[in-house]
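Heads up: the structure comes next, in structure tokens.
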There are 2 protein chains.
Amino acid sequence: MKFAKIPMATITRLSVYMRTLQDLLEDDVDVISSERLARLCGVNPAQIRKDLAYFGEFGVRGVGYRVGDLLGQIKEILGLTRRWNLAMVGLGNLGSALIRHANFLKHGYMFTAAFDVDPQKVGKRLPNGLVINHVNEIEEVVKEREVNVGLITTPASAAQSVANQLVLAGINGILNFAPVQIQVPDCCHVENVDFTISLDTIAYHLSVSS
Amino acid sequence: MKFAKIPMATITRLSVYMRTLQDLLEDDVDVISSERLARLCGVNPAQIRKDLAYFGEFGVRGVGYRVGDLLGQIKEILGLTRRWNLAMVGLGNLGSALIRHANFLKHGYMFTAAFDVDPQKVGKRLPNGLVINHVNEIEEVVKEREVNVGLITTPASAAQSVANQLVLAGINGILNFAPVQIQVPDCCHVENVDFTISLDTIAYHLSVSS
DNA sequence: CAAATTATGTGAATAATATCACATAACTAG
DNA sequence: CTAGTTATGTGATATTATTCACATAATTTG
């Protein structure tokens, strides 16, 4: 596929729309207007139409969007009609919790490797059946199991080194939970998940409004 | 304090600057230029200067910024010179992991309450000493312990109801980890942390570039 | 089958955000 | 104490993103 320049924000919203559509589908809603979907997603109705317009015409004028169809189209756009293999690096509290978190599976993501430095952990079997490998086996295991995305849940101090190894292993996508800015070549896309930033934002808002 | 209209994005970046400055301070760096700080934070140098300019003049022309001073100023701006009491609602894998995650404490945040619906969990003591209360005690406990921010790590289906109770208890800030858009009155500020969205974004980037 | 209704798709207008580029101020060295 | 150097602070500019407003197309009703 080839698309025009798509705003980054559009992509994140598509993901939100997708989830809401999934809920609607489960509730047997089969048609929805941009207005109603917008309310559910907390955005402007025109925003939804603009976002979708980057990729084509998916609605029916005077009617709305067929929930199932639109859901399928968005999955297609986001590349979620295939399986993506994930590797978790760092099996502390957070990593272990996330790997158990069922939410990932629902969307075609699958953990196929797990790494840690702790010799106590290496060799142990996780609840999902995965056996933990040592971090210095990243390159080998990632290639063998065709891992597409690496999740970093190590301490901040280890994150950059892990990222380097993932890149070396040919990985092009990293989801970084460590509270540092990691540096990678352009071929690799990094997304950061950082709750301390979100908490700080809340602290700021509470401070200024009181 | 009273500020002009500050871009939302500025606030999140201040949090990033703060963390980097903390690292620099630990490494005994005492002066840093916007250019070097920018490289470390992955932003444009002018961006940093603009962001700071909303709040005053913190640098020395021809020299740069004194790391310790700037760090203090940013903490002041974000409202992080005081303590913020947190309540965790939902003690499944994720909630339990987060509450153990030491990172929060480093920044003046403190868990002072924890809630769950599971009768098996209510009454149990967490590693940090907190005893889990039942969700329907939210209003009472939140007021008593002067909780400022609620963290929601329940399943999506329960998130809205929990949010309602938090708001009712007088809470003005919510950090929502549940993958739904929760609705709250304007007096309450909600930040969402959603890794499935980030993962979807990665999937999209991997799809279009191959 | 025409008129009324509804909700999409989209150009134009607006708003928000980021970057450039340079005048300004501090420091350094001769 | 003057000239040179450096890096801030900021108005002007460019870029990006959001919202408005309406023409357009599908559907329904009389």
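Every chain is numbered from 1, with letters handed out A, B, ... down the list of sequences.
In terms of phosphate contacts, Gln47(A) brings no side-chain nitrogen or oxygen within less than 4.0 Å of OP1 or OP2 of dA17(D). Contact annotation: Arg13(A) side-chain N/O to dT18(D) OP1/OP2 distance is under 4.0 Å. A close approach under 4.0 Å does not occur between any side-chain nitrogen or oxygen of Tyr65(A) and OP1 or OP2 of dT6(C). Between Ser34(A) and dT8(C), a side-chain N or O to OP1/OP2 separation shorter than 4.0 Å is present.
Nucleic acid contact for Arg36(A): none, since no nucleic acid atom lies under 4.0 Å from a heavy atom of the residue. Residue contacts shown for Thr10(B) are absent, as no nucleic acid heavy atom lies under 4.0 Å away.
Residues Phe195(B) and Phe177(B) place their aromatic rings such that the two centres sit no closer than 6.0 Å.
Annotation: of the two residues near DNA chain C, Gly59(A) and Gly62(A), the 5′-most nearest-nucleotide partner is Gly62(A).
Classification of the Phe55(B)-Tyr204(A) ring pair by plane angle, with boundaries at 30° and 60°, yields perpendicular.
With dT19(C), dT10(D), dT8(D) as the candidates, the nucleotide lying closest to the side chain of Ser33(B) is dT8(D). Nearest nucleotide to the side chain of Ala46(B), out of dA26(D), dA25(C), dC20(C): dC20(C). Candidate nucleotides dA7(C), dT10(C), dT17(C) were compared by shortest atom distance to the side chain of Pro7(B), and dT17(C) ranks first.
Side-chain N or O atoms of Asn192(B) include none that pairs as donor or acceptor with a backbone N or O of Asp194(B) at under 3.5 Å. At least one donor-acceptor pair closer than 3.5 Å links the side chain of Glu137(B) to the backbone N or O of His134(B).
Scanning atom types as modelled, no donor and acceptor separated by under 3.5 angstrom connect the side chain of Arg49(B) and the base of dT8(D). Between the base of dT10(D) and the side chain of Lys50(B) there is no donor-acceptor pair shorter than 3.5 Å.
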